[in-house]
Amino acid sequence: MATVSIPACTTALLLDIEGTTTPITFVKDILFPYIKEHLEDYLSTHWEEDECKQDVHLLKKQIEEDMKQNRACPVHTVDQTVHTDEEKAIREVVENVLWQMAADRKSTALKQFQGHMWRTAYTSGRIKGEVYQDVVPSIRTWRGHGLKVYIYSSGSVEAQKLLFGYSVEGDLLELFDGHFDTSIGAKVDTKSYERIAERIGCQPEEITFLTDVTREAKAAEEAGINVVVVVRSGNMELTDEERAHYNLVTSFSQLQLMGRA
């Protein structure tokens with residue numbers, strides 16, 4: 001693929017994570033299986049801690065909201081092997097978390113809880129965040145030209161900071177000027193990008209957004225943001241129409257800064 005020019009008016013780059021800075025396989029084959037394998041043990045170990053209590057409270061509020069909106073939820077059957085209220089409560093949280101993950105839910109409650117579980121894994125050295133080889137040198141180049149760099153992911157801000165703070169290339173947090181998650185809005189909602197521009201303190205047309213998901217690209221584009229779609233191995237296939245419409249790159253190194261020495 002040819003190089004793609006970043007407009008000269010760009011002052012900030014906004015980056016997605018999964019499929020953009022980080023392989024989808026890292027999330028699907030390492031992060032998500034870790035949650036499933038350690039979920040019950042984690043809850044049992046941390047159940048009485050304030051942070052865990054807060055996470056469980058948010059998950060229960062999400063269940064109530066889902067039920068109000070008539071969304072399907074796991075039905076809690078009476079398990080004759082459960083002997084205590086705590087065990088029963090933990091089992092219900094486990095069922096809900098697994099159900100939300102199976103449905104690929106992006107709820108803030110789920111993402112916050114997952115982030116806290118992953119923190120344990122990262123800080124213990126069980127997991128290291130993966131990034132594509134072109135990511136770090138490209139970001140350093142952009143920052144060297146005075147551009148600011150932000151992350152916008154459906155994963156919680158804490159999960160984002162863990163991935164980059166405990167990466168295979170060391171602590172990369174100094175490369176980013178800020179992080180956004182679904183607490184600012186869904187990634188397929190145009191208003192989310194308007195809010196991000198306002199929070200960053202610039203006009204939408206001064207932001208270039210890199211993502212592998214065309215629904216996100218469309219929402220950002222409708223907000224007036226410049227969009228580049230990242231095409232990497234394992235990412236969702238694009239239609240001919242999408243390929244014709246969007247600027248495409250297979251590596252961050254293909255992005256060319258216009259009007260900068």
Side-chain angles (χ1 to χ4, degrees), residues 1-10 12-33 101-107 111 129-139 141-142 147 149-155 159-160 163-164 167 176 179-182 184-197 204-258:
M1 284 185 184
T3 58
V4 169
S5 296
I6 297 176
C9 64
T10 297
L13 284 142
L14 184 64
L15 312 179
D16 168 50
I17 291 180
E18 189 179 349
T20 300
T21 67
T22 299
I24 287 176
T25 50
F26 173 68
V27 179
K28 290 188 174 174
D29 298 343
I30 296 176
L31 289 186
F32 285 170
M101 289 178 68
D104 196 25
R105 296 289 300 280
K106 310 291 186 187
S107 73
K111 294 303 178 182
E130 292 182 21
V131 291
Y132 291 108
Q133 289 186 338
D134 54 276
V135 171
V136 174
S138 296
I139 294 177
T141 297
W142 301 337
L147 293 174
V149 182
Y150 298 86
I151 294 291
Y152 181 29
S153 172
S154 57
Q160 298 171 28
L163 191 158
F164 293 113
S167 87
F176 304 107
H179 299 257
F180 299 97
D181 59 20
T182 54
I184 204 158
K187 294 182 75 184
V188 294
D189 183 353
T190 297
K191 289 196 177 300
S192 302
Y193 298 90
E194 294 170 354
R195 292 186 196 108
I196 287 173
E205 59 268 23
E206 295 174 322
I207 300 173
T208 293
F209 177 46
L210 275 61
T211 179
D212 64 307
V213 180
T214 52
R215 286 180 67 210
E216 297 173 3
K218 183 174 185 289
E221 198 173 49
E222 287 173 353
I225 284 174
N226 181 52
V227 170
V228 176
V229 172
V230 183
V231 180
R232 298 195 190 265
S233 175
N235 288 4
M236 189 177 294
E237 286 292 325
L238 303 179
T239 64
D240 290 342
E241 186 180 353
E242 288 168 341
R243 285 182 172 276
H245 179 76
Y246 292 107
N247 286 319
L248 309 177
V249 295
T250 57
S251 166
F252 283 9
S253 61
Q254 291 170 276
L255 289 166
Q256 190 173 34
L257 302 174
M258 288 179 63

Are any non-hydrogen side-chain atoms of L14 and T211 less than 4.5 angstrom apart?
no
When rounded to the nearest 0.5 angstrom, what is the spacing between NZ in K187 and OG in S153?
5.0 Å
Looking only at atom types and distance, does a side-chain atom of E216 sit under 3.5 Å from a main-chain N or O of V213, one as donor and one as acceptor?
no
Determine whether V227 and Y246 satisfy the following criterion, side chain to side chain contact (heavy atoms under 4.5 Å, CB included), listing intermediate values before the conclusion.
CA-CA 7 Å; V227 170; Y246 292 107; 4.1 Å; yes
Contacts of E222 meeting side chain to side chain donor-acceptor pair (under 3.5 Å) (sequence neighbours excluded), chain-then-number -> T190, K218
Can you confirm whether L238 sits close enough to V229 that some side-chain heavy atom of one is under 4.5 Å from a side-chain heavy atom of the other?
yes
For the aromatic rings, using the six-membered ring if either is Trp, is the centroid distance between F209 and Y193 under 6.0 Å?
yes
Has the side chain of R195 got a donor or acceptor atom that lies under 3.5 Å from a matching backbone atom of I184?
yes
Between CG on residue D29 and CD1 on residue I24, distance to nearest 0.5 Å
10.5 Å
Could you check if a side-chain atom of Y150 sits within less than 4.5 angstrom of a side-chain atom of L15, using non-hydrogen atoms only?
no
Distance check, rounded to the nearest 0.5 Å: D212 atom CG versus I17 atom CD1?
11.5 Å
Under the criterion side chain to side chain contact (heavy atoms under 4.5 Å, CB included), I'd like the reasoning laid out for L248 against R243: C-alpha separation, chi angles, the key distance, then a yes or no.
CA-CA 7 Å; L248 309 177; R243 285 182 172 276; 3.9 Å; yes
In the structure I gave you, are the side-chain heavy atoms of V131 and F26 within less than 4.5 Å of one another anywhere?
no
In terms of heavy-atom contacts, A186 and S192 come closest through O-OG, 2.6 Å
So, do I207 and N226 sit near enough that their side-chain heavy atoms are less than 4.5 Å apart?
no
Distance alone, cut at 3.5 Å: any donor-acceptor contact between the side chains of E242 and T214?
yes
Which atom of P204 lies closest to which atom of A223, heavy atoms considered:
CB-O, 3.2 Å
Sidechain-backbone polar pair: D134 side chain, F252 backbone, donor-acceptor under 3.5 Å
yes
Show every ring-ring contact (aromatic ring centres under 6.0 Å, His included) that has at least one partner inside residues 213-244, sequence neighbours left out.
none
Could you tell me if T22 and E130 have a donor-acceptor pair between their side chains, going purely by distance under 3.5 Å?
no
With side chain to side chain contact (heavy atoms under 4.5 Å, CB included) as the test, would you mind laying out the steps for T21 and I139 before giving the verdict?
CA-CA 10 Å; T21 67; I139 294 177; 5.7 Å; no
Output the distance between atom CD (Q256) and atom OG (S5), rounded to the nearest 0.5 Å.
4.5 Å
Heavy-atom side-chain proximity of D181 to Q160 below 4.5 angstrom:
yes
How many angstroms lie between atom OG1 of T250 and atom CZ of R232, to the nearest 0.5 angstrom?
7.5 Å
Which pair of non-hydrogen atoms, one from S253 and one from S138, has the smallest distance, and what is that distance?
N-OG, 3.6 Å
Look up atom CG in L147 and atom CG in L13, then write down how far apart they are to the nearest 0.5 Å.
5.5 Å
According to the interplanar angle, ranging from 0 to 90°, do the rings of Y152 and F180 count as parallel (below 30°), tilted (30 to 60°) or perpendicular (above 60°)?
perpendicular
Determine, stepwise, if the pair E206 / T10 fulfils side-chain hydrogen bond (donor to acceptor under 3.5 Å, both in side chains).
CA-CA 4 Å; E206 295 174 322; T10 297; over 6 Å; no
Donor-acceptor pair, side chain of E18 and main chain of V27, under 3.5 angstrom
no
Between D104 and K106, is there a salt bridge with N-O shorter than 4.0 Å?
yes
